[in-house]
Trainee: 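Below you will find the structure I want to go over with you.
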Amino acid sequence: MEREPMRIREGYLVKKQGSMFNTWKPMWVVLLEDGIEFYKRKADSSPKGMVPLKGSSINSPCQDFGKRMFVFKLTAAKQQDHFFQAAYLEERDAWVRDIKKAIHCIDGGQRFARKSTRKSIRLPETINLSALYLSMKDPEKGIKELKLEKDKKVYNHCFTGTTVIDWLVSSNSIRNRKEGLMLASSLLSEGYLQPAEDTSKAAAEGLSDTPFLDLSDAYYYFPDSGFFCDGNSSDDDVVLKEEFRGMVVKQGCLLKQGHRRKNWKVRKFVLREDPAYLHYYDPAGGEEPLGAIHLRGCVVTAVEDMPDSKKYDADNILFEIITANDIHYYLQAASSAERTEWIKAIQAVSRTGK
């Protein structure tokens with residue numbers, strides 16, 4: 001019986017439709033060992049198309065579309081170009097890295113595999129990291145994802161290194177904390193855990209005695225958890241989050257373009273986790289929202305310009321939300337860093353909210 005190709009990576013990307021028109025649509029994209037499938041929706045069982053990776057090449061960054069950021073181009077063996085847009089730099093680079101590796105494996109007649117650390121840290125072959133990872137993510141008995149603050153930054157959907165080792169001990173996965181460090185380092189190297197901030201990242205890059213840290217100020221997260229860092233927080237931000245009892249993920253003022261007159265107005269936006277809505281208010285006051293954007297199943301991307309609109313100012317730091325109903329919203333942040341924070345926060349809520 002023929003083995004099914006392994007799913008290497010999947011998620012929403014914005015894909016250019018056809019070669020004649022500059023139309024971009026959000027698609028659920030699945031990277032397999034031998035090709036890329038794209039679906040209209042995540043729940044669809046049949047793909048809208050498939051690009052074989054054999055004989056393909058990838059180009060990133062792709063500058064063919066100056067107004068769109070974080071685009072990469074996949075050229076199939078028959079010289080047909082396919083353009084995909086990610087939401088932010090790290091996401092694009094992760095897709096490009098895995099696609100390049102998949103193409104390299106095909107060319108060399110090898111199977112795709114994440115970097116293995118079993119030999120380097122002498123991990124017993126009887127340990128199933130995949131099964132352990134699923135146990136760690138169990139909603140009832142697994143590791144609880146928290147909102148943690150450090151150096152005036154708020155880290156969402158993460159946990160400490162000490163929490164990981166504590167869980168491994170309590171679940172009888174290890175005999176002592178030294179073994180826990182070895183096992184957690186393997187989970188980190190295999191991609192089941194990710195470092196969230198400077199301390200854990202430095203250790204993962206080899207600047208500590210062990211890749212994984214059994215510390216309460218070293219933060220980690222699951223790669224598919226919806227983790228994001230909520231920028232620099234102030235004392236007022238902390239008070240507001242307490243008042244909303246954790247319901248508010250992010251809030252602040254952005255410029256919003258109107259759908260009819262295409263004019264820009266300053267609005268106060270409040271991003272809520274459950275249900276997944278981005279409400280906007282008159283910044284001058286008022287408890288009732290002027291409107292809301294339903295985020296469940298949406299796609300959010302950075303854009304450089306808009307074809308049918310005048311620039312509001314010289315910076316023009318725009319991003320676009322495309323809802324599941326294919327409604328497009330254009331917003332403008334005050335800085336590139338703020339735009340990235342909003343994009344990551346909205347992405348997380350769109351995956352986890354209702």
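Not measured: the values here are computed from a predicted model.
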Trainee: Do Leu129 and Leu183 make a side-chain contact, defined as non-hydrogen atoms from C-beta onward lying under 4.5 Å apart?
Mentor: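 The answer is yes, as the side chains (C-beta and beyond) meet within the 4.5 Å cut-off.
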
Trainee: Identify the two heavy atoms, one from Leu132 and one from Ser173, that lie closest to each other, and give their separation to 0.1 Å.
Mentor: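 Minimum heavy-atom separation between Leu132 and Ser173: CD1-OG, 3.7 Å.
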
Trainee: Scan the side chains in residues 69-80 for donor-acceptor partners under 3.5 Å anywhere in the protein, sequence neighbours excluded, and list what turns up.
Mentor:
residue : atom : partner : partner atom : Å
Thr75   : OG1  : Asp81   : OD1          : 2.8

Trainee: Quick one: are Ile321 and Ile346 in side-chain contact, heavy atoms under 4.5 Å?
Mentor: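 Yes - at least one pair of side-chain heavy atoms lies under 4.5 Å apart.
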
Trainee: Over 60° means perpendicular and under 30° means parallel, so classify the ring planes of Phe84 and His82, tilted if in between.
Mentor: parallel

Trainee: Would you say CG of Asn176 has more than 12 non-hydrogen atoms from neighbouring residues, nucleotides or ligands within 6.0 angstrom?
Mentor: yes

Trainee: What I'd like to find out is whether the side chain of Trp28 reaches to under 4.5 Å of the side chain of Lys40, using heavy atoms alone.
Mentor: no

Trainee: Just checking, is any N or O donor in the side chain of Tyr221 or Gln194 under 3.5 Å from an acceptor N or O on the other one?
Mentor: no

Trainee: Aromatic ring centroids of Phe222 and Phe159 under 6.0 Å?
Mentor: yes

Trainee: With a cut-off of under 6.0 Å to the ring centre and 45° to the axis, is Lys250 in cation-pi contact with Trp342?
Mentor: yes

Trainee: Salt bridge (charged side-chain N to carboxylate O under 4.0 Å, His left out), that's the test. Do Lys344 and Glu341 meet it? Break it down for me.
Mentor: CA-CA 5 Å; Lys344 290 185 177 182; Glu341 290 172 10; over 6 Å; no

Trainee: Pick out which of Val29, Val300, Thr301 makes a side-chain contact (heavy atoms from CB on, under 4.5 Å) with Val14.
Mentor: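 Testing Val14 for a side-chain contact (heavy atoms from CB on, under 4.5 Å) against Val29, Val300, Thr301 leaves exactly one candidate, Thr301.
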
Trainee: Side chains of Thr162 and Thr160: is there a donor and an acceptor less than 3.5 Å apart?
Mentor: no

Trainee: Just checking His294 against Tyr277, ring centres under 6.0 Å apart?
Mentor: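 Yes - the distance between ring centres of His294 and Tyr277 falls below the 6.0 Å cut-off.
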
Trainee: Verify the distance criterion only: is there a donor paired with an acceptor across the side chains of Lys150 and Thr199 at less than 3.5 Å?
Mentor: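 Their side chains do contain a donor-acceptor pair, which is all the 3.5 Å distance test asks for.
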
Trainee: Is there a donor in the side chain of Tyr39 and an acceptor in the side chain of Glu37, or the other way round, less than 3.5 Å apart?
Mentor: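 Side-chain D/A pair, Tyr39 to Glu37: present.
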
Trainee: Quick one: does any side-chain atom of Asp44 pair with a main-chain N or O of Arg41 as donor and acceptor, under 3.5 Å?
Mentor: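 Yes, Asp44 side chain to Arg41 backbone: donor-acceptor pair under 3.5 Å.
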
Trainee: May I ask you to decide if Glu140's main-chain N or O and Lys144's side chain share a donor-acceptor pair within less than 3.5 Å?
Mentor: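 At least one qualifying donor-acceptor pair exists.
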
Trainee: Would a distance-only check, ignoring hydrogens and angles, find a side-chain to backbone donor-acceptor pair under 3.5 Å from Thr340 to Ser336?
Mentor: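 Here the side-chain-to-backbone pair exists.
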
Trainee: Does the plane of the ring in Tyr220 sit parallel, tilted or perpendicular to the ring in Phe212? Use 30° and 60° as the thresholds.
Mentor: parallel

Trainee: Do you know which two heavy atoms are closest between Tyr329 and Ala292, and how far apart they sit?
Mentor: OH-O, 4.4 Å

Trainee: Locate the shortest heavy-atom distance separating Leu188 from Leu193; write the atom from each residue and the value.
Mentor: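 Answer, listing the atom of Leu188 first, then Leu193: CD1-O, 3.4 Å.
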
Trainee: So which atom in Glu33 and which in Ile106 form the shortest heavy-atom distance, rounded to 0.1 Å?
Mentor: O-CD1, 3.3 Å

Trainee: May I ask you to decide if Lys141's main-chain N or O and Asp138's side chain share a donor-acceptor pair within less than 3.5 Å?
Mentor: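 Present.
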
Trainee: Has Glu145 got a side-chain atom pairing as donor or acceptor with Ile143's backbone, closer than 3.5 angstrom?
Mentor: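 Not confirmed, Glu145 side chain does not pair with Ile143 backbone.
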
Trainee: Using atom types as modelled and distance alone, determine if a side-chain donor or acceptor of Arg267 lies under 3.5 Å from a backbone N or O of Tyr280.
Mentor: no

Trainee: Check whether any side-chain heavy atom of Phe269 lies under 4.5 Å from a side-chain heavy atom of Lys256, and answer yes or no.
Mentor: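 Yes, close enough: below the 4.5 Å cut-off.
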
Trainee: Are any side-chain N or O atoms of Asp151 and backbone N or O atoms of Lys153, one a donor and one an acceptor, separated by less than 3.5 Å?
Mentor: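 Such a contact is absent between Asp151 side chain and Lys153 backbone.
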
Trainee: Work out which heavy atom in Arg339 is nearest to a heavy atom in Val303; give both atom names and the distance.
Mentor: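 Smallest interatomic distance, heavy atoms only, reads NH1-O, 3.4 Å.
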
Trainee: Main chain of Pro52, side chain of Ser56: is a donor-acceptor contact present, judged purely on distance under 3.5 Å?
Mentor: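 Yes, the answer is positive, given that a donor and an acceptor are paired below the 3.5 Å cut-off.
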
Trainee: Of all heavy-atom pairs between Ser60 and Arg92, which one has the smallest distance, and what is that distance?
Mentor: OG-NE, 3.4 Å

Trainee: Below 4.0 angstrom, N of the basic side chain to O of the carboxylate: do Asp34 and Lys54 qualify?
Mentor: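 Not counted as a salt bridge, because no side-chain N and carboxylate O are separated by less than 4.0 Å.
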
Trainee: Are Ser200 and Glu197 close enough that a side-chain donor and a side-chain acceptor fall under 3.5 Å?
Mentor: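 Note: Ser200 and Glu197 side chains meet the donor-acceptor criterion.
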
Trainee: Given side chains that start at C-beta, do those of Ile36 and Val30 come closer than 4.5 Å, heavy atoms only?
Mentor: no

Trainee: Does some side-chain heavy atom of Leu146 sit less than 4.5 Å from a side-chain heavy atom of Tyr155?
Mentor: no

